Student: 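Below is the structure I would like to discuss, written out as structure tokens.
These numbers come from a predicted model, not from an experiment.
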Amino acid sequence: MKPWQHMKMYFGNIYEAVATIAVGMWITFKTAFFERKVTIQYPSHDVLEGKARDAVTFPEQELNPPFEPFLGASQQQYRGPLQARIADRYRGFLGYREDKCISCNLCVQACPIEVIAVEGVKIEGRKGRAPVMFRIDYSKCMFCGLCVEVCPTSAIFFTRRFAAATFSYHSLIENFISEEMRQQRLELARQLKQKKRSKTIKRNAKDETTHF
């Protein structure tokens, strides 16, 4: 190799090293001052409300310029690419309005993996059948929304709630009807059946009297 070729390789390596360092420094500078705070400190940051919930970790005070506002000293200054607040249309866990439910079982029939279980009884003063059990197994739910779409009374709906980390499988099975309410409605259903039976007996007795 000729001497000038050695010189060319020598300065070429220097140029490559300087250029590589410059590119790396530019990325570091850009990240530090313009694309910083890309991490939302969940759960200290409330993604449902879009603001910090831990006042100790993230005090509501003015930050000291020039570095604190840029270097992520406060989640309230978050300027990353993520949304600091999850969208209103987010599909979280299923919600349930017991007062709207008529126990029609359409949600049970629509669910492809048997996530929902419903039982209802007929009581006075209640449209349809009053639920005595409405259970959702979140460990199997895939949040397809078929139950929400078929519900004729909008008793089932999506919420924005999503946090349910647990070590217990059974804690993912949620029963929306309390045992006390279940027993009360079973008793009301029993009283209604007795009342109907009494009316039937009286009507039959009256018919027999009229016939003879």
Student: Heavy atoms, side chains only, cut-off 4.5 Å: are Thr159 and Leu94 in contact?
Tutor: no
Student: Drop me the distance from Leu146's CG to Ile156's CD1, to the nearest 0.5 angstrom.
Tutor: 11.0 Å
Student: Nearest 0.5 angstrom please: Arg203 CZ to Thr200 OG1, how far?
Tutor: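 Answer for the CZ-OG1 pair, Arg203 versus Thr200, is 4.5 Å.
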Student: If you compare all heavy atoms of Thr166 against all heavy atoms of Ser171, which two are closest, and at what distance to 0.1 Å?
Tutor: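 What the structure gives for the nearest pair is OG1-OG, 2.8 Å.
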Student: Does atom CD (Glu16) have a neighbourhood of more than 12 heavy atoms from anything else shown, all under 6.0 Å?
Tutor: no
Student: Any salt bridge between Glu98 and Arg126, counting N to O under 4.0 Å?
Tutor: yes
Student: Going by the side chain to side chain donor-acceptor pair (under 3.5 Å) test, name the single residue among Gln184, Arg185, Arg190 that passes it with Glu187.
Tutor: Arg190
Student: How long is the gap from SG on Cys144 to CD on Glu149, to the nearest 0.5 Å?
Tutor: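 Those atoms lie 8.0 Å apart.
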Student: Please determine whether a side-chain nitrogen of the Lys or Arg among Arg129 and Glu119 lies less than 4.0 Å from a carboxylate oxygen of the Asp or Glu.
Tutor: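 Salt bridge absent between Arg129 and Glu119.
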Student: I'd like to know if the side chain of Lys127 reaches the main chain of Ile102, judged simply by a donor and an acceptor atom lying under 3.5 Å from each other, with no hydrogens or angles considered.
Tutor: no
Student: Are Asn105 and Ser103 close enough that some pair of their side-chain heavy atoms sits under 4.5 Å apart?
Tutor: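 The answer is no; the side chains never approach within 4.5 Å.
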Student: Determine, using the 4.5 Å side-chain heavy-atom cutoff (strictly less than), whether Ile113 and Val108 are members of one ILVMFWY cluster.
Tutor: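 Yes, one cluster joins them.
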Student: Any link between Val18 and Phe11 through a network of hydrophobic side chains (Ile, Leu, Val, Met, Phe, Trp, Tyr) touching at under 4.5 Å?
Tutor: yes
Student: Hey, any chance Tyr15 and Ile21 share a hydrophobic cluster, counting ILVMFWY side chains that come within less than 4.5 Å of each other, even indirectly?
Tutor: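 Tyr15 does not cluster with Ile21.
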Student: Identify the two heavy atoms, one from Ile123 and one from Ala189, that lie closest to each other, and give their separation to 0.1 Å.
Tutor: CG2-N, 3.7 Å
Student: Can you give me the closest heavy-atom contact between Cys151 and Ser154, atom names plus distance?
Tutor: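 Here Cys151 and Ser154 meet closest at SG-N, 3.4 Å.
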Student: Taking Lys122 for its side chain and Gly128 for its backbone only, find out whether a donor-acceptor pair lies under 3.5 Å.
Tutor: yes
Student: Hey, can you tell me if Tyr138 and Phe143 have their rings parallel, tilted or perpendicular (30° and 60° cut-offs)?
Tutor: parallel
Student: How about NE2 on His6, more than 12 heavy atoms from neighbouring residues, nucleotides or ligands closer than 6.0 Å, or not?
Tutor: yes
Student: Please round to the nearest 0.5 Å and tell me the distance separating atom OH of Tyr90 and atom CZ of Arg160.
Tutor: 10.0 Å
Student: Under the 3.5 angstrom rule, does the side chain of Arg135 hit a backbone N or O of Val118 as a donor-acceptor pair?
Tutor: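 Judged by distance alone, no pair lies under 3.5 Å.
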Student: Could you pull out all donor-acceptor pairs under 3.5 Å where a side-chain atom in residues 172-181 meets a protein atom, sequence neighbours excluded?
Tutor:
from, atom 1, to, atom 2, distance (Å)
Asn175, OD1, Ile177, N, 3.3
Ser178, OG, Met181, N, 3.2
Glu179, OE2, Gln183, NE2, 2.6

Student: Heavy-atom distance under 4.5 Å between the side chains of Pro131 and Cys101, does that happen here?
Tutor: yes
Student: Is Leu106 linked to Phe158 within one hydrophobic cluster, defined over Ile, Leu, Val, Met, Phe, Trp and Tyr using a side-chain heavy-atom separation of less than 4.5 Å?
Tutor: no
Student: Check whether more than 12 heavy atoms from other residues, nucleotides or ligands sit under 6.0 Å from atom CD of Gln194, and answer yes or no.
Tutor: yes
Student: To the closest 0.5 Å, what do you measure between NZ (Lys140) and CD1 (Ile116)?
Tutor: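 Reported to 0.5 Å precision, the distance equals 10.5 Å.
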Student: Applying a strict under-4.5 Å side-chain criterion to I, L, V, M, F, W and Y, I'd like to know whether Phe93 and Val148 cluster together.
Tutor: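 Shared cluster, yes.
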Student: Quick check for you: to the nearest 0.5 Å, what is the distance between Lys100 atom NZ and Phe157 atom CZ?
Tutor: 8.0 Å
Student: Is any side-chain heavy atom of Ile136 less than 4.5 Å from a side-chain heavy atom of Tyr96?
Tutor: no
Student: Count the heavy atoms of every other residue, nucleotide or ligand shown that sit under 6.0 Å from CE of Met142, and state whether that count exceeds 12.
Tutor: yes
